[in-house]
Amino acid sequence: MKPLLHLAQLMLLCCCVTAFAESPQLDIDVDGPRVMLDIGSAEVTLTGLGEDPLEIYVNDELVGTSSDDSFSIEALSAQEDIAIQVRNEGGVLLTHEIPVIAGWVSLLPPFIAIALAFLIRSVVPALFAGLLVGAWAVHGFTASGAIAGLFETMTVYVLEAIIDPGHAAIILFSFLICGMVGVISRNGGMVGIVNAVLPLANSPKRGQAIVAALGLSIFFDDYANTMIVGNATRPVSDRLRISREKLAYLVDSTAAPVATIAIITTWIGFQVGLIDEAISQIEGITAPAYSLFLNSIAYSFYPFLAIFFVFLVVFTGKDFGPMYQAEVRARTTGQVMRGEEGMGSSGNLDAFEEKDGIPCRAINGVLPIVMLVAGVVGGMLVSGEGDNLQDIVGSADAYVVLIWASLLSCLTAFILTLGQRLLTIVESVDAFIAGAKFMIDGVILLIMAWAIADITQVLHTGPYLITVLGESLSPYTLPALVFLLAAGAAFATGSSWGVMAILMPLVIPLCWAILEGNGIADATHMHILYACIACVLTGAVWADHCSPISDTTVLSCLATGCDLMDHVTTQIPYALLGGMTALIICVIPTGYGLPWWLMLPLGVVVLVTVHRFLAKPVE
């Protein structure tokens, strides 16, 4: 009996093995959204289905069969989670669930980020809170999803934002250029530039003109501009009886506005990175992010008007409002500050001070900057392709070019410094690191912005906004609305970069969808997209000039030794005049199709006219 029993068991085992061999395990993969909205639909692709016909079910409803390697289904909207099953006669081969959430939930990450930024006056924790809620929403707001979402904020979204090659290139460029600024500041090059120019300042008007001109010349970074120009010109400004309020205004209003519109700055990597992230999922936009940025410069009205107004005030010698009172006080009494002591008593930053006992030569600051500019221009021409300059610049690999140029400028700064024995190699490296540290806050903001942009894509925030607002918003008034939205958020948060990080990934897809919804997504109406991009940037900078919690506002006070609220109260009238002129005279009309080259000069005329009636000469 036992031999027969063993033989039967062996035959049964062989049959099972044969059956298993004839029915190989399938490696089915699901390519679809991680979460769906209750008002939308999604395309799901199944791969690895094998050759045998299989049945595809969505929420127990047969939607088709397939014997191909891939099969696409339309996942219909539903109030309950979607369960996709692959079945055969033997049972269920695969079950894949997609959480379904309410459409308004997709707005929570950016809304929470903006609202918290208003409340706590800090952008980074606000962005993280929005990221955390978004990661939780991806899991359908389940209890286990809260824990999973917490860890995914770092292991998925922040990590992917860092390791993306394009993102890494932007971070590297930013650190290189800031490191170069640290070296040429420490080796006396920047002070040498300032010292070469300051002897021309022998009157209050000329002194103010020199300060404004230096603000334009140090165009590549607003922080470097503020710290270098403010600290270097303060002694001469005091000697000429220029009020600290006026000095802070000149420094502040030639920092961020210049960095916003210059094509070679530390801002460019941040801005182009945000634009690139926003257009990555839009099929209709084929132009590179750098090309979109260049085209948007023409619609950056507030920075142009702010810079013009600085020189208008300087060369006319006329002021109005609290600034006039501050200037009269300084001229008549010699009291350059309202109080006894300003913020500048501790405002000198060691990382941007020249080493004691070394000669401050202007060439050591000029040559690295020249190599930076030449490297960008030359790199664009070398890496780009096309028949005209616009095509060449547009097709060039901007990330690679910026790294080339910043590396070239760093090497130039090191060679000049070590060749003249101004600093040791250890001191040079320390200066480079100290300069690069000033970019850490911006890099953290940028990484968080990239991460929350990924969350908004996963949650279909753009498509939801398009569905809700796409038909109700006029494309012609959208740039003005974006300008006001960016201004409101920047005023409350004090961070123009933070506002750009939150709004840019939402504004560009929304603008393009509205253009498509109105049937005008063509070359004739691309000016609306350019204007929206510009208004995110310039609206934030405008309100940044009015906000007492702005980083550049505080830094301007530190560098010039001005009281913070004195600076804010004297600058707000000037900033409001420039901002309202930009909005009413320039942004709104260009949205309706009037050319920028006509409206910008008209804005200049308005500023000149208003200034003439409001301002009085300061004797």
Side-chain angles (χ1 to χ4, degrees), residues 216 219 253-254 256-265 267-268 270-272 274-276 278-279 285-311 376-377 380 384 386 388-396 398 475-484 486-487 496 500 503-504 507-508 511-512 515 520-542 578-607:
L216 293 184
F219 58 87
S253 292
T254 54
V258 175
T260 302
I261 59 178
I263 62 174
I264 307 170
T265 71
W267 285 51
I268 190 174
F270 185 82
Q271 294 172 347
V272 173
L274 293 175
I275 296 171
D276 184 61
I279 67 175
I285 300 179
T286 58
Y290 190 71
S291 177
L292 293 177
F293 167 74
L294 292 178
N295 283 288
S296 73
I297 292 177
Y299 298 90
S300 299
F301 298 113
Y302 174 72
F304 285 113
L305 294 179
I307 295 170
F308 169 79
F309 197 68
V310 165
F311 285 94
V376 171
V377 175
M380 289 290 183
N388 54 60
L389 184 60
Q390 182 176 357
D391 292 339
I392 293 174
V393 173
S395 62
Y476 307 108
T477 59
L478 185 60
L481 293 176
V482 171
F483 186 84
L484 291 174
S496 54
M500 296 173 197
L503 292 184
M504 192 68 79
V507 166
I508 293 180
C511 175
W512 188 253
L515 293 178
I520 56 175
D522 50 40
T524 305
H525 295 86
M526 282 295 288
H527 69 278
I528 297 177
L529 177 62
Y530 300 148
C532 285
I533 294 174
C535 285
V536 173
L537 309 177
T538 59
V541 171
W542 171 43
M580 296 307 297
T581 301
L583 175 64
I584 298 172
I585 306 299
C586 301
V587 174
I588 295 177
T590 53
Y592 282 94
L594 292 177
W596 65 267
W597 48 264
L598 175 63
M599 305 318 298
L600 183 58
L602 184 58
V604 169
V605 172
V606 170
L607 286 182

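Remember, predicted model here, so these are calculated numbers, not experimental data.
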So, using side chain to side chain contact (heavy atoms under 4.5 Å, CB included) as the criterion, who are the partners of A534 when residues are at least two apart?
S296, Y299, S300
Compare every heavy atom of L503 with every heavy atom of A486, then report the nearest pair and how far apart it is.
CA-CD1, 3.6 Å
Is the shortest side-chain heavy-atom distance between P303 and V258 below 4.5 Å?
no
Considering all heavy atoms of both residues, which atom of V507 and which atom of C532 are nearest to each other, and what is their separation?
CG1-CB, 4.0 Å
What are the two closest heavy atoms between I261 and I297, and how far apart are they?
O-CD1, 3.5 Å
Give the minimum heavy-atom separation between H525 and I520, together with the two atoms involved.
CB-O, 3.2 Å
d(L515 CG, T524 OG1) to nearest 0.5 Å is 11.5 Å
Is a side-chain N or O of N295 found less than 3.5 angstrom from the main chain of A298, in a donor-acceptor match?
no
Using distance only, find each side-chain donor-acceptor pair of residues 588-605 under 3.5 Å and give its atom names and separation, not counting sequence neighbours.
residue, atom, partner, partner atom, Å
T590, OG1, C586, O, 2.7
T590, OG1, V587, O, 2.9

Using side chain to side chain contact (heavy atoms under 4.5 Å, CB included) as the criterion, point out the one residue from T260, V536, I533 that pairs with Q271.
T260
So L305 and W542, side chain to side chain contact (heavy atoms under 4.5 Å, CB included) or not? Walk me through it.
CA-CA 11 Å; L305 294 179; W542 171 43; over 6 Å; no
CD1 of I275 to OG of S291: how many Å apart, nearest 0.5 Å?
10.0 Å
Please report the C-alpha distance between L529 and I285 in whole Å, then the side-chain angles of each, then the deciding distance to 0.1 Å, and finally whether the side chain to side chain contact (heavy atoms under 4.5 Å, CB included) criterion is met.
CA-CA 10 Å; L529 177 62; I285 300 179; 3.8 Å; yes
Interatomic spacing from CZ in F308 to CZ in F301 - rounded to 0.5 Å:
15.5 Å
By side-chain hydrogen bond (donor to acceptor under 3.5 Å, both in side chains), which residues pair with S253, not counting sequence neighbours?
Q571
Between L292 and A287 the two heavy atoms that sit nearest each other are CD2-CB, 4.1 Å
According to side chain to side chain contact (heavy atoms under 4.5 Å, CB included), who are the partners of L481, at least two apart in sequence or on a separate chain?
L473, T477
Indicate the atoms forming the closest heavy-atom contact of L607 with G578, along with that distance.
CD2-CA, 4.3 Å
